[in-house]
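Before any comments, here is the structure.
Counting starts at 1 for both ligands and their atoms, following the listed order. Values below: every heavy atom of this structure, side chains too, minus hydrogens, waters and symmetry copies. A quick note: this is a predicted structure, and the numbers were derived from the prediction, not measured.
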Amino acid sequence: MNEADLKKLLKDLTWQEKVGQLIQLSGDFFSSEEALAVGPKQKLGITQETVDLAGSVLNVAGAKKTREIQEKWLQKSRHKIPLLFMADIVYGYRTVFPIPLGLGATWNPDLIKQAYRVTAAEAKASGVHVTFAPMVDLVRDARWGRCLESTGEDTTLNAAFARAMVTGLQHVELGKITGIAACVKHFAAYGAAEGGREYNTVDMSERRLREDYLPGYKAAVEAGSELVMTSFNTYDGIPVTGNEFLLKQILRDEWGFDGVIISDYAAVLELVAHGIAADEKEATLLAMNATNDIDMKTGCYAKQLEPLVREGKLDSKRIDDAVWRVLKLKNKLGLFEDPYRGASSEREQEMLLTEENRNLAYQVAAQSIVLLENKNHTLPLAKNHQKILLVGPYGDNQNLIGLWAIHGNTSDVITIKEAISQHVSSEQFHYTAGCEMLSDYRFLGEFGGSKDQLMRMPQAKREQALAEALRQGEKADVIIYAMGEHTMQSGEAGSRADITLPDVQKEFIQEMLALGKTNILITISGRPLVLTEEAKQMDAILQAWFPGTEGGRVLADILFGKINPSGRLSMSFPYSVGQLPIYYNGFQTGRPLNSKTHSGRFVSKYLDSPNAPLYPFGYGLSYSYVELSDLALDDVEMTEKLQVSVQVKNNSSRSVLETVQLYVQDIVGSVVRPNRELKKFKKINLEAQESATVHFTLTREDLYYYTKNMDFSVEAGDFNVFVGRNSRDTLQASFTLK
Ligand code: BGC
């Protein structure tokens, strides 16, 4: 539709029709049996008329269902404005990629762009128009369950992934979105919830907010994200959905964002629970004044917008502006021309879980898994000489897709057991679970249909399972433990205070260690776990996240050396939970550990834990020994640009993917600067024994930060450059900025 016609359409809408465009309801409201929709309506206190006018639908996918709802709705609709279908397609639709924390560990935004392109194509075939992704919340506290959805703790890396994901999802051609629209979330700073406790308060300086937390969202907006979702948390005492500073001043005015802002689930009404609005009406006014356009899943806008305008408390122009943004989005998606956007059951058949898509999921998983330990070259396993026993609750388990893969199908997943058995003979390889996932499932609560998994084994069966594992372990040379968190121990509302492996699994490992065999741990988790004990006990550890549809196959191929592991952590793995929050780019204190002026006690440290994490940001091993040398700068001074180079040598007989990381430290600033900050990275392939020179160009803009007076600028002075394979083990050089 051309802009003039769209404007005319806006003008022709009645008051109620306009409000309708700003309301999002879930699928149950649109049930074909109207009697079933009575309950949900009563809960929100809205009428059928509101449902008939609603502008968008939450979390319905599948060509048949979306077409049915759209068709029925359009028949009733006076102006034939199609419904928008929005859903959480966070890291894959039917083909499930690793969780975003695993995507972060690929350090390969180009590859992830392809993954999101595929995700968009699958979701589009199923009738989804908008996905609530990417999630770019920077996170430094592994207790927070939503680490799972984030690419990690670093500003530069998160921003690179944010750009890649948005461009992959939307894929715009000639001003029209050919993929699906992205909705970056959760704006802003949701990942900094105090104590890692879900939905908790966020409070930080504006400097830290702007410097560390906002760039990820900004990168997504600059890449064209059509929508932004507000977050549940407060910032500086004001919940974000009613926070004019964040939404209006920063997002709209400073960044020029003119797309749709949608509240997170029921977040408009939660302004009342937060204690910043007395009732629905005040909540609505706060959200509208902050320029939040769509109200997800409450009755606030439906019931309160009209009285607010009538009473002169809200300018009706605010409503027109919001509706205009929604109509523009629908138009950009081409919905007026084709309300189904080509979705059909036939299209699903063609597009979903194709061989090609599975291959891409395999490649991504291959680059996401991180080898944390490999003592005495335990891995890869020699195929024909060893007897292998696989144990653990994830050994023969298809639940490898994690909490937010709600449209994925666990039955598509090949288990670790199945995948290993394709490498070795049945005489050589045995599996027995040995122990359960958890000793108590009650605290997990409910999430979708997951209640059925929450059963415990009776005591006698547990003892039998252990006895069987010990018996088989006795005969084995190598024991592989497939351990980890239950799917529901991470993701939304999956905060934990103890982030070690579940107790039953730790106890089981202790029993098995007494056998004195070679021990290999595979950890499946939605967060960095504290693996301090396991790091001592195990000969090798593979951090596998929730690796997705192809995860089982990839793990087996890593174990037997078909894949040389290349994942690098995008979040520090703490040594102890007491260190949290922990991140590599903290400030120097006045009394650093290596202080020469203070005695051992009076320095910044714990008495009972090291300061350093167990595994630092950027860390990961491979089966090759890669050496970095000859860090060189093309000048000792920089005005606009500096060329940095380093020699990289693969001293092994197999090809390897290595991630070369460049960090910078501004030694003296008008405010304290981080110890080091990632500025550049390159993932390169090196054949056996190959050497290469890796070049980086560092620019003046790379050194910008929020100075003492909050200018985003740069200060002349001395800088250190660090280049290495992780944030800890680096070569060093320095230069002076003029
Ligand atoms: C989550 C969002 C999600 C929304 C819709 C909320 O509970 O915080 O990330 O997009 O639900 O499902």
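- If you look at Tyr190 and Trp144, their ring centroids are closer than 6.0 Å.
- In this structure, Arg140 is positioned above the aromatic face of Tyr583, its NZ or CZ under 6.0 Å from the six-membered ring centre and within 45° of the axis.
- Among Thr131, Ile262, Asp264, the residue whose heavy atom lies nearest to atom 11 (O) of ligand 1 is Asp264.
- Within a 6.0 Å radius of NZ in Lys281, more than 12 heavy atoms belonging to other residues, nucleotides or ligands are found.
- Using a 4.0 angstrom heavy-atom cutoff, Lys297 does not count as in contact with ligand 1.
- Those atoms of ligand 1 that come under 4.0 Å of a heavy atom in Tyr265, given as number and element, are 6 (C), 7 (O), 11 (O).
- Ring centroid separation for the pair Phe617 and Trp107 comes in under the 6.0 Å cut-off.
- Here Arg197 pairs with Asn200 under the side chain to side chain contact (heavy atoms under 4.5 Å, CB included) rule; sequence neighbours left out.
- For ligand 1, the atoms sitting less than 4.0 Å from at least one non-hydrogen atom of Asn59 are 12 (O), numbered in the order shown with element in parentheses.
- Scanning the protein for heavy atoms near atom 5 (C) of ligand 1, the closest one is Asp88 OD2, 3.2 Å.
- Annotation: Glu492 places an N or O atom under 3.5 Å from an N or O atom of ligand 1; distance criterion only.
- Which parts of ligand 1 touch Arg146 is read off a 4.0 Å heavy-atom cut-off, strictly below it: atoms 1 (C), 2 (C), 8 (O), 9 (O).
- By the 30° and 60° cut-offs, the orientation of the rings of His186 relative to Phe232 is parallel.
- Listed by first and then second residue, the side-chain hydrogen bond (donor to acceptor under 3.5 Å, both in side chains) pairs involving residues 58-73 are Asn59-Asp88 (not counting sequence neighbours).
- Counting the atoms of ligand 1 from 1 in the order shown, those under 4.0 Å from a heavy atom of Lys185 are 2 (C), 3 (C), 9 (O), 10 (O).
- Residue Phe132 has at least one heavy-atom neighbour below 4.0 Å for each of these atoms of ligand 1: 10 (O).
- For Met135, no heavy-atom contact with ligand 1 is shorter than 4.0 Å.
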